[in-house]
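First comes the structure, then the notes that go with it.
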Amino acid sequence: MLDIRQIREQPELVQTKLDLRGADVYDIQPILALDKQQRELESNRSQLQARSNEIGKLVGQKMAAKTAPTDPEILALKAEGNTVKATLSELEPAERELKTQILALILQLPNLPSDNTPVGKGEEENVELRKWGDEYIPTNPEILPHWEIGEKLGILNFESSAKLAQSRFVTLIGAGAALERALISFMLDRQIAAGYTEVSPPILVNTASMTATGQLPKFAEDGFKCAEDDLWLIPTAEVPVTNLYREQILTSERLPIHHCAYTPCFRREAGSAGRDTRGLIRLHQFNKIELVKFVHPDTSEQEHETLVMNAEAILQALKLPYRVLELCTGDIGFSAAKCYDLEVWLPSAGKYREISSCSNFRDFQARRGDIRFKETGKKGTQFIHTLNGSGLAIGRTMAAILENYQQPDGTIQIPEVLQSYLGRTVL
RNA sequence: GGAGGAGUGGCCGAGUGGUCGAUGGCGCAGCACUGGAAAUGCUGUGUAGGGCAACUUACCGUGGGUUCGAAUCCCACCUCCUCCGCCA
């Protein structure tokens, strides 16, 4: 969430940056108005409170001096105390209500884009930074889409999955299931080697956790909810892993913290009706390796670059052609200040498709989740910076392999680095 | 699910109605001692909001209540521990 003090002190700057995400979408004026009211109320209230505290102390002193409880002075003080309390009982709820309203409004505001995030209205204005692996783009024109070759090989089953659950689910069978397991192990091993500590978190989380990372309150319709229990199926491991440190004050020696996690992810894909209806690209349930970083604010930009490199390393090891996009202000996610997308080449589509999204949230999530650190020898606390990225989405990687590694005879060559994990060289 | 116990500042841990935001220790910072360090001694050190200086308010798991006054009493809830029950 944004800092109310920054909104108050630099309203034009904040509004200008919010407008970069979309003109006339966000308005900080109501917040400024409520904030002003709230501070006036607070000033009144705390003055009264001070008097109330004073009365309490005076009575205490008299009692300690063995003054009779029926002494007129004591009775007068008690009477005044009651009057003050009556007024406070009106001011307090009013102030609380204002604070609640302000918080609700601030939680609706997205992060401010970084100064070096390219300005643009939407995805067409994202900037392509680099491409890798052109030489691995298949030249064979006969490539079947991954869902066709997958069903042909008997390793993907969409029809039964729709029966079990709904559309947008898949069941992996035999070598398909094994390939997924191999990819999970391979990716985790690589990221652990790169210095990330593996965690296996809960995949159901409460509303507070979803709010800290920015999924709530604004995107409630995107999540699967277990209403009876105030629990949500996680849309990404980012949620539980980031919340591991919610409401904590870390010492600066512990930073940076790098975690990787394999989890299933669940998304309702509300608003995606009709898009990517076939195959592994857009499912309600998919698996993903997530990378999450907690870092000192001074290092977050550099940590962002290495995060992307760690994700790219997986694609390079698998020899899958991809490109790196720098998302523009109109396309970065709600909580992100800056974001790189990795897109893998998908022959059946004849284009690159997102396989990883690496974001720097700066202090946006830390503020929501109250994740702070204390620098040794310095006074006070600061919010840490959080970053995360996929490293990588498993289903989309499978899709990319089934297509890019498809042989003219309909078999699938297994990427070299996976062969030892899978125990075979071809599907 | 049942019974009992507990939740206090970065950490540990005292405090059961009255100048308690809270004794003490660890940690951290400064100073002294030292060739330097360790050890030791002295001093300082919670977080957050408002004025942004003096000052002031809130915070002792969370939310209510009693009282002039609550970390301390009452109610509800949450979490953790122990035992019992059930169970992958």
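In what follows, chains carry the letters A, B, and so on, assigned in the order in which the sequence lines appear, proteins first and then strands, with residues in each chain numbered from 1.
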Which of the following nucleotides, B/rC52, B/rU56, B/rC68, is nearest to the side chain of A/Ala50?
B/rU56
Should the pair A/Glu303-A/Lys293 be classified as a salt bridge under the 4.0 Å nitrogen-to-oxygen rule?
yes
Strand contacts (RNA chain B) in residues 197-215 of chain A, 4.0 angstrom heavy-atom criterion:
none
With a 6.0 Å cut-off on the ring centroids, do A/His296 and A/Phe373 count as close?
yes
Expressed in whole Å, how much space separates the C1' atoms belonging to B/rC26 and B/rC83?
34 Å
Does any pair with a residue in residues 73-85 of chain A pass side-chain hydrogen bond (donor to acceptor under 3.5 Å, both in side chains), and if so which ones, sequence neighbours excluded?
A/Arg51-A/Glu80, A/Lys62-A/Glu73
B/rG50 to B/rU40 separation - P atoms, rounded to the nearest Å
42 Å
With the threshold set at 4.0 Å, does a side-chain nitrogen-carboxylate oxygen contact exist between A/Asp222 and A/Arg268?
no
Between A/Phe294 and A/Tyr245, what is the ring plane arrangement, given parallel below 30°, perpendicular above 60°, and tilted in between?
perpendicular
Anything under 30° is parallel, anything over 60° is perpendicular, the rest tilted; go ahead and classify A/Tyr340 against A/His304.
tilted
Round to the nearest Å and state the distance from A/Ile249 atom CD1 to B/rU47 atom C1'.
7 Å
Hits for side-chain contact (heavy atoms from CB on, under 4.5 Å) against A/Glu97, two or more places apart or cross-chain, chain-then-number order -> A/Gln101
hbond_proxy A/Gln49 side chain to B/rU57 base (donor-acceptor, 3.5 Å cutoff):
no
Would the base of B/rC28 count as contacting A/Glu375 through its side chain, where contact means a donor and an acceptor less than 3.5 Å apart?
no
When rounded to the nearest 0.5 angstrom, what distance separates OG in A/Ser357 from CG in A/Leu342?
8.5 Å
For nucleotides B/rU72 and B/rG17, find the distance between their C1' atoms and express it as a whole number of Å.
6 Å
For residues 411-427 of chain A, which residue pairs pass the side-chain hydrogen bond (donor to acceptor under 3.5 Å, both in side chains) check, not counting sequence neighbours?
A/Asp189-A/Tyr421, A/Asp409-A/Thr411
Is A/Asp331 salt-bridged to A/Arg21, going by a charged N under 4.0 Å from an acidic O?
no
Distances under 3.5 Å only, N/O to N/O: pair up the protein atoms with those of nucleotides 60-65 of chain B.
unit_1: B/rG64; atom_1: OP1; unit_2: A/Arg96; atom_2: NH1; d: 3.2

What stems involve RNA chain B, if each pair must be Watson-Crick or G-U and both of its distances must be under 3.5 Å, with 3 or more such pairs in a row?
B:1-7 with B:78-84, B:10-12 with B:24-26, B:27-32 with B:40-45, B:46-50 with B:55-59, B:61-65 with B:73-77
For A/Lys152, is there an ion pair with A/Glu148 - N to carboxylate O distance below 4.0 angstrom?
no
What integer number of Å spans the P atoms of B/rU47 and B/rU23?
15 Å
Distance-only donor-acceptor hits, side chain of residues 362-369 of chain A, under 3.5 Å, sequence neighbours excluded:
unit_1: A/Asp363; atom_1: OD2; unit_2: A/Arg367; atom_2: NH2; d: 2.9
unit_1: A/Gln365; atom_1: OE1; unit_2: A/Thr386; atom_2: OG1; d: 2.7
unit_1: A/Gln365; atom_1: NE2; unit_2: A/Thr213; atom_2: O; d: 3.1
unit_1: A/Gln365; atom_1: NE2; unit_2: A/Glu238; atom_2: OE2; d: 2.8
unit_1: A/Arg368; atom_1: NH1; unit_2: A/Thr211; atom_2: O; d: 2.7
unit_1: A/Arg368; atom_1: NH1; unit_2: A/Leu216; atom_2: O; d: 3.1
unit_1: A/Arg368; atom_1: NH2; unit_2: A/Leu107; atom_2: O; d: 2.5

Separation of the P atoms in B/rU62 and B/rG24, to the nearest angstrom
24 Å
Using heavy-atom distances to pick each residue's nearest nucleotide on RNA chain B, tell me which of A/Gly60 and A/Asn82 is more 5'.
A/Gly60
Pairs satisfying side-chain hydrogen bond (donor to acceptor under 3.5 Å, both in side chains), at least one member in residues 106-119 of chain A, at least two apart:
A/Lys17-A/Asp115
Rounded P spacing from B/rA22 to B/rC31 in Å:
27 Å
Any side-chain N or O of A/Asn53 below 4.0 angstrom from OP1/OP2 of B/rA58?
yes
For a quick check of understanding: with a heavy-atom distance under 4.0 Å over all strands, which category does A/Glu9 fall into, base, sugar-phosphate or nothing?
base
Interatomic distance, A/Asp370 CG vs B/rU47 P [rounded to whole Å]:
13 Å
Applied to residues 188-209 of chain A, the ring pair (Phe, Tyr, Trp, His ring centres under 6.0 Å) test, sequence neighbours excluded, yields A/Tyr196-A/His258
Whole-Å gap separating P (B/rC11) and CZ (A/Arg254)
11 Å
Could you measure between the two P atoms, the one in B/rA54 and the one in B/rU45, and give it in whole Å?
14 Å
May I have the distance from A/Leu88 (atom CG) to B/rC68 (atom C1'), rounded to whole angstrom?
13 Å
Taking only nitrogen or oxygen atoms into account, show me every contact under 3.5 Å that the protein makes with nucleotides 48-51 of chain B, one pair per line with its distance.
unit_1: B/rA48; atom_1: OP1; unit_2: A/Thr381; atom_2: OG1; d: 2.9
unit_1: B/rG49; atom_1: OP1; unit_2: A/Arg5; atom_2: NH2; d: 3.1
unit_1: B/rG49; atom_1: OP2; unit_2: A/Arg5; atom_2: NH2; d: 3.1
unit_1: B/rG49; atom_1: O2'; unit_2: A/Glu42; atom_2: OE1; d: 3.2
unit_1: B/rG49; atom_1: O2'; unit_2: A/Glu42; atom_2: OE2; d: 3.2
unit_1: B/rG49; atom_1: N3; unit_2: A/Glu42; atom_2: OE2; d: 3.3
unit_1: B/rG50; atom_1: OP1; unit_2: A/Arg8; atom_2: NH1; d: 2.5
unit_1: B/rG50; atom_1: OP1; unit_2: A/Arg8; atom_2: NH2; d: 2.9
unit_1: B/rG50; atom_1: O4'; unit_2: A/Glu42; atom_2: OE2; d: 3.4
unit_1: B/rG51; atom_1: OP1; unit_2: A/Arg39; atom_2: NH1; d: 2.9

Per-nucleotide protein contact string for nucleotides 74-81 of chain B (B base, S sugar-phosphate only, - none; heavy atom under 4.0 Å)
--------
Considering all heavy atoms of both residues, which atom of A/Gly22 and which atom of A/Val25 are nearest to each other, and what is their separation?
O-CG2, 3.4 Å
Pair up each side-chain donor or acceptor in residues 197-207 of chain A with any protein partner under 3.5 Å, not counting sequence neighbours, and list the distances.
unit_1: A/Asn206; atom_1: OD1; unit_2: A/Ala208; atom_2: N; d: 3.3
unit_1: A/Asn206; atom_1: OD1; unit_2: A/Ser209; atom_2: N; d: 3.0
unit_1: A/Asn206; atom_1: OD1; unit_2: A/Ser209; atom_2: OG; d: 3.1
unit_1: A/Thr207; atom_1: OG1; unit_2: A/Asp230; atom_2: OD1; d: 2.3
unit_1: A/Thr207; atom_1: OG1; unit_2: A/Trp232; atom_2: NE1; d: 3.1

Using a strict threshold of under 4.0 Å (side-chain N to carboxylate O), is an ion pair present between A/Glu269 and A/Arg282?
yes
Starting at the 5' end of RNA chain B and moving along, which residue's nearest nucleotide shows up first, A/Lys374 or A/Leu77?
A/Lys374
